[in-house]
Each structure stands twice: as structure tokens, then as C-alpha cells.
J.: 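Sharing a structure with you now.
Everything quoted here is computed from the prediction, not taken from an experiment. The figures that follow rest on heavy atoms only: side chains count, while hydrogens, waters and symmetry mates do not.
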Amino acid sequence: MALRFSLSERPAGSMSCPSYGSSISTSTEAITIIKQNIKAVHDADPNLDWVLLGYVGESVEEISLVAGGNAGSDEMLQYLDDNKILYGLVRVVDIVDNIPTHRFAHISWVGDHVSGVKKARTATNKGAILQIIGHYNVELVASSKEELTRETIFGKIQDASGTRIREIAVQQPIKRDSKSTVLPRAAVATANTSDSLISAEDQQYIFDVKSDATPTTWVLFSYTNIRQPQKVAFVASGTGNIEELALHFQPDQVHYAFLRTTDRVDESVTTKFIYLNWVGPNVSPMTKGKITTHKGSVESFFAPFTISMFGTLIDDFSVSALNAKLQQLKGAK
């Protein structure tokens, strides 16, 4: 028995997909819509973190898109019907070694009022359903909404990844302007009163990059006095890519930076963190010698990170250079 796909009988208003079109009349277009929404969940689209599929009417052969949203699994609960069999995909963020990581839960909902005959007839559809859902980390089969709360799903994700056993205290990020921000050098120089190489206040900018709760994708630091390199302070932050970050590199400065980016692994988009060290071509040999002892301390502030990049030329920090590094990490060229 082959599954067919349709949106023609989808409840009005249950799903808003203006970019994909609102009226579907053929099964080919319907499956395209379904796959696009599944892909959006996998690709960390901020407008969609869950989707729900169900059978059309009393059919056990035709699947339609029931609903989707961006407010998590608790929002999905309102669409669960005791008379229906439904299939869902939910994206959550798990914190692994202080790094936000996307995880996926596949939901199989079998309502309490579904007949035994229908359960048996749909059991053979599982393989086809899983092909549609694609990559997921855990599967939950449920007939009660209490089994699919955000806490329950997140707990299953943590059990699977092993993060439940290592509790991580997450600070609240400081709200900052999402645009690239540069502090005047005088302000930077007076901001460091701690004995630490980087002040506690400036370390918060690093946490902003690590947190999905802020739009910040990079942060840049440099020495407050390049001739006497003893303190490292915040210079700028932004929401763009590595090349936006590199625009702030100065030829007479040593910079340390932290970047958040994404990379596709199989069918999933994963978050990667990059540590960058820029030594400008005009930095004196004496200064280079002085800062060699700082390497371990500086890296510890940014750790953990996926890869590190060092360079003295702007071209060393291009998008293509970063992608090549990530490909090497995966063992591919």
C-alpha cells in the first residue's frame, strides 16, 4: 500500500505557508510542500520548529500537512486529536559542553479513540513516514498529551545525548543591539579592572555568541595597549559572517575573536563555533613574543570550540577558508 500526499483537505488556517502557496490541488505539489516544511525544521528556520502530519479524512493512505509553528512542542499539543493518528517532527536546543546543539524528536501520536483496525492498517506505513520525517534523534509514541510536554521531550533528548547527567548552569544573556557595535578605544581601556586577562563583563559577549537567545554571531577582542599587552577587551560584535568580522581587523593589532556558524551534516544543520586569532602584519616581533604566553589563557575563555583559525592576511578569514576548514573536520574535500 503506497502513501499519497495531499493538502486539499487541510483544515483552513491550520498552517500558514505564504512562501510555499496556500492552495494545493495535486499530490506532487502536496508532497513538495510537506518536504519543504520538514526541511525548514531541520534547517533551523526560526519561523518553524515543529510540523504535524495526519491522514486525510478516514483514509490511511493519504497524508496531509496538519499544522506547524515556531513556539515549540507545547504549541503543537493543541492539534493532537484523540480520534486521529498523527506524525510530528520537533526541533529543540540541547546544550552540549556549553554549545547549543539542535536535536530532533519524531512524534507518533495514536489517539485513545482510534480503532484497533485503523491502528493495524497504519502500522505498515511506518517506513514511508520515516522517509518523510528524515533525521531525528529520539522517537516518542504517545496517546496522552502529558507524554509530549516540552519537559518530557527535552528529557528524552537529554537522555539520548547524555546531557541530563551533567547539569549546566546557563546565565541570562545581556540584551545587546544586534547591529555591529564598536566601542571607542578609550572606553575599552578603562573597562578592565579585573586581574583576569578578559574581564567578567566582557566575557558575557562570548556567551552571547554561544546563546541562541541572541542574534550575535561574532565578537572581537584586542589588547587595550598593544605595546604592553596585558589586558584583552571587547572591540566589536555583529550578526554577520566571518567576512563581516574580518572587516574589523587592524594591521597593527592582535585580535582574538569568536564566531558562530552552521554546517550541514547529513540531513541536519549543526551549529559550529570558531576561535580566531589575527596577528596584524604591522605587529612588532617583540609584541608577538610577549603574547605567546597568553595563548592557553585566551583559548580557555572561548572553549569549547569546533575549530581554530590563525592568520595574518584578511584572505585567511574568508568564507571559503572557513568552509575548507569545516570540510577537513569532516574528512571531506
J.: First locate atom CD1 of Ile31, then atom CD1 of Ile34, and finally report the distance between them rounded to the nearest 0.5 Å.
T.: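 Between atom CD1 of Ile31 and atom CD1 of Ile34 there are 4.5 Å.
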J.: Is the side chain of Asp74 donor-acceptor paired with the backbone N or O of Arg150 at a distance under 3.5 Å, no angle test?
T.: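 Yes.
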J.: Taking atom NZ of Lys295 as the centre, does the number of heavy atoms from other residues, nucleotides or ligands within less than 6.0 Å exceed 12?
T.: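 Check fails, neighbour count at 12 or below.
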J.: Restricting to non-hydrogen atoms, name the atom on Ala246 and the atom on Ile314 that form the minimum distance, rounded to 0.1 Å.
T.: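 In terms of heavy atoms, the two residues are closest at O-CD1, 3.6 Å.
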J.: Could you pull out the closest heavy-atom pair between Tyr55 and Ile85, with the gap in Å?
T.: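 In this case the closest contact between Tyr55 and Ile85 is CD1-O, 3.8 Å.
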J.: Please answer whether the main-chain N or O of Ser143 pairs with a side-chain N or O of Glu147 as donor and acceptor at a distance below 3.5 Å.
T.: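 Checking the backbone N and O of Ser143 against the side chain of Glu147, a donor-acceptor pair under 3.5 Å is found.
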J.: Would you say that Asn125 contacts Glu61 through its side chain, given a criterion of any heavy-atom pair below 4.5 Å between the two side chains?
T.: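 Asn125 vs Glu61: side chains apart.
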J.: Please check if any side-chain donor atom of Glu146 sits under 3.5 Å from a side-chain acceptor atom of Ser144, or the reverse.
T.: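 Yes, Ser144 and Glu146 have a side-chain donor paired with an acceptor closer than 3.5 Å.
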J.: Any donor and acceptor pair, going by atom type alone, linking the side chain of Trp109 with main-chain N or O of Asp81 inside 3.5 Å?
T.: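 Such a contact is found between Trp109 side chain and Asp81 backbone.
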J.: Do any N or O atoms from the side chain of Gln228 and from the backbone of Asn225 form a donor-acceptor pair under 3.5 angstrom?
T.: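 No: the side chain of Gln228 does not pair with the backbone of Asn225.
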J.: Tell me whether Val269 shares a hydrophobic cluster with Val93, the cluster being built from Ile, Leu, Val, Met, Phe, Trp, Tyr side chains joined at under 4.5 Å.
T.: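 Looking at the clustering, Val93 is in a separate group from Val269.
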J.: Report yes if some heavy atom in the side chain of Thr270 is under 4.5 Å from a heavy atom in the side chain of His102; otherwise report no.
T.: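 Contact flag for Thr270/His102 side chains = no.
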J.: Looking at Asp49 and Gly72, would you say the former's side chain and the latter's main chain have a donor-acceptor pair under 3.5 Å?
T.: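 Indeed, once roles are kept as given, a pair shorter than 3.5 Å links the two residues.
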J.: Between Tyr136 and His42, does a side chain to side chain donor-acceptor pair (under 3.5 Å) hold up when you go through it step by step?
T.: CA-CA 9 Å; Tyr136 61 89; His42 279 138; over 6 Å; no
J.: Ignoring hydrogens and angles, tell me if any N or O in the side chain of Trp278 forms a donor-acceptor pair with the backbone of Ala257 under 3.5 Å.
T.: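 Such a contact is absent between Trp278 side chain and Ala257 backbone.
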J.: Check step by step if side-chain contact (heavy atoms from CB on, under 4.5 Å) holds for Thr217 and Thr261.
T.: CA-CA 7 Å; Thr217 55; Thr261 188; over 6 Å; no
J.: Hey, does Ile291 have a side-chain heavy atom less than 4.5 Å from the side chain of Tyr256?
T.: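 Counting from C-beta outward, Tyr256 and Ile291 do come under 4.5 Å.
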J.: Decide yes or no for Val254 and Asn277: does some side-chain heavy atom of the first lie under 4.5 Å from some side-chain heavy atom of the second?
T.: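 SC-SC contact between Val254 and Asn277 confirmed.
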J.: Closest approach of His255 and His248, non-hydrogen atoms and distance?
T.: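 Closest approach of His255 to His248: NE2-O, 3.7 Å.
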J.: Which heavy atom of Asn70 sits nearest to which heavy atom of Pro46, and what is that distance?
T.: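 Where Asn70 meets Pro46 most closely, the heavy atoms are CB-O, 3.5 Å.
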J.: Between Thr152 and Thr149, do the side chains contain an N or O donor and an N or O acceptor separated by less than 3.5 Å?
T.: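 Distance-only check passes for Thr152 and Thr149.
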J.: Report yes if some heavy atom in the side chain of Leu53 is under 4.5 Å from a heavy atom in the side chain of Leu65; otherwise report no.
T.: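 The answer is yes; the side chains approach within 4.5 Å.
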J.: Hey, could you give me the CG/CD distance between Asn323 and Gln328, rounded to the nearest 0.5 Å?
T.: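 Asn323 CG to Gln328 CD: 11.5 Å, rounded to 0.5 Å.
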J.: Using the rule given for side-chain contact (heavy atoms from CB on, under 4.5 Å), can you reason through Lys210 versus Arg260, listing the C-alpha separation, both sets of side-chain angles and the distance that settles it, and then say yes or no?
T.: CA-CA 7 Å; Lys210 292 184 177 182; Arg260 181 176 74 221; over 6 Å; no
J.: Let me check something: do Ile307 and Leu245 share a hydrophobic cluster, defined by ILVMFWY side-chain heavy atoms less than 4.5 Å apart, either directly or through other members?
T.: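 Yes, same cluster.
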J.: Side chains of Leu140 and Ile153: does their closest heavy-atom pair fall under 4.5 Å?
T.: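 Yes, their side chains come closer than 4.5 Å.
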J.: Give a yes or no answer on whether the side chain of Thr312 reaches the backbone of Pro281 with a donor-acceptor pair at less than 3.5 Å.
T.: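 No; zero donor-acceptor contacts below 3.5 Å.
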J.: Working to the nearest 0.5 angstrom, can you tell me the gap between Ser320 OG and Asp315 CG?
T.: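 Separation between the atoms: 8.0 Å.
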J.: Can the ring centroids of Phe104 and His135 be said to lie less than 6.0 angstrom from one another?
T.: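 So the answer is yes for these two rings.
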J.: Tell me, with the steps shown, if Arg264 and Asp43 meet salt bridge (Lys or Arg N to Asp or Glu O under 4.0 Å).
T.: CA-CA 8 Å; Arg264 179 175 289 279; Asp43 287 355; 2.5 Å; yes
J.: Distance check, rounded to the nearest 0.5 Å: Phe234 atom CZ versus Asp202 atom CG?
T.: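 That separation rounds to 7.5 Å.
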J.: Under a 3.5 Å threshold, yes or no: a donor from one side chain and an acceptor from the other, between Ser300 and Ser297?
T.: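 There is no such pair between these side chains.
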J.: Identify whether Leu86 and Leu77 are in the same connected component of the hydrophobic contact network (ILVMFWY, side-chain heavy atoms under 4.5 Å).
T.: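 Linked, Leu86 and Leu77 end up in one cluster.
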J.: Would you check if the side chain of Thr214 reaches a backbone N or O of Asp208 as a donor-acceptor pair within less than 3.5 Å?
T.: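 Answer holds: yes.
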J.: For the pair Glu243 (side chain) and Val319 (backbone), establish whether a donor and an acceptor sit closer than 3.5 Å, ignoring hydrogens and angles.
T.: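 Flag set: sc Glu243 to bb Val319 pair under 3.5 Å.
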J.: Please assess Asn37 against Leu48 for the test side-chain contact (heavy atoms from CB on, under 4.5 Å), listing each intermediate value before the final yes or no.
T.: CA-CA 8 Å; Asn37 281 271; Leu48 202 65; 3.4 Å; yes
J.: As an exercise, state the distance from CG of Leu259 to CG of Leu322, rounded to the nearest 0.5 Å.
T.: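 Rounded to the nearest 0.5 Å, the CG-CG separation comes to 6.5 Å.
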J.: Only one of Phe302, Phe258, Phe310, Trp218 passes ring-ring contact (aromatic ring centres under 6.0 Å, His included) with Tyr275; say which it is.
T.: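 Of Phe302, Phe258, Phe310, Trp218, ring-ring contact (aromatic ring centres under 6.0 Å, His included) with Tyr275 is met by Phe302 alone.
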J.: Answer with yes or no after comparing the ring centroid distance for Trp50 and Tyr79 against a 6.0 Å cut-off, counting only values under it.
T.: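 Close enough - the centres of the two rings lie under 6.0 Å apart.
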J.: A side-chain contact here means heavy atoms from C-beta on lying under 4.5 Å apart; do Val114 and Asp82 qualify?
T.: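 Not touching, per the 4.5 Å side-chain cut-off.
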J.: Take a 6.0 Å sphere around NZ of Lys126 and say whether it holds more than 12 heavy atoms from other residues, nucleotides or ligands.
T.: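 Check fails, neighbour count at 12 or below.
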J.: What is the minimum heavy-atom distance between Gly88 and Leu52, and which atoms define it?
T.: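 The pair with the smallest heavy-atom distance is CA-CD1, 3.9 Å.
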J.: Would Glu151 and Lys156 count as a salt bridge (Lys or Arg N to Asp or Glu O under 4.0 Å) here? Give the steps.
T.: CA-CA 9 Å; Glu151 291 75 17; Lys156 293 285 188 181; over 6 Å; no
J.: Evaluate the ring pair (Phe, Tyr, Trp, His ring centres under 6.0 Å) criterion for residues His294 and Tyr223: first the C-alpha distance (whole Å), next the side-chain angles of each, then the deciding distance (0.1 Å), finally the verdict.
T.: CA-CA 11 Å; His294 295 170; Tyr223 288 97; 5.6 Å; yes
J.: Any donor-acceptor pair under 3.5 Å linking the side chain of Thr306 with the backbone of Phe273?
T.: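 Yes; at least one donor-acceptor contact below 3.5 Å.
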J.: What's the verdict on side-chain contact (heavy atoms from CB on, under 4.5 Å) for Gln250 and Asn282, showing C-alpha distance, side-chain angles and the deciding distance?
T.: CA-CA 9 Å; Gln250 300 297 316; Asn282 297 342; over 6 Å; no
J.: Of the non-hydrogen atoms in Lys119 and Val110, which two are nearest, and what is the gap between them?
T.: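 Heavy atoms only, the tightest pair is CE-CG1, 3.5 Å.
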J.: Taking side chain as C-beta onward, heavy atoms only, is Arg103 less than 4.5 Å from Arg91?
T.: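 A side-chain contact is absent here, since even the closest heavy-atom pair is not under 4.5 Å.
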J.: Please tell me whether Leu197 and Phe305 are part of a single hydrophobic cluster in this structure, the criterion being side-chain heavy atoms less than 4.5 Å apart.
T.: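 As far as the 4.5 Å side-chain criterion goes, Phe305 and Leu197 are connected within one cluster.
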J.: For His106 and Tyr87, take the angle between the two ring planes, folded into 0 to 90°, and tell me which bin it lands in: parallel under 30, tilted 30 to 60, perpendicular over 60.
T.: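 Rings of His106 and Tyr87: parallel, under 30°.
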J.: Just verifying a value: how many Å separate Lys290 NZ and Thr292 OG1, rounded to the nearest 0.5 Å?
T.: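 Separation between the atoms: 11.5 Å.
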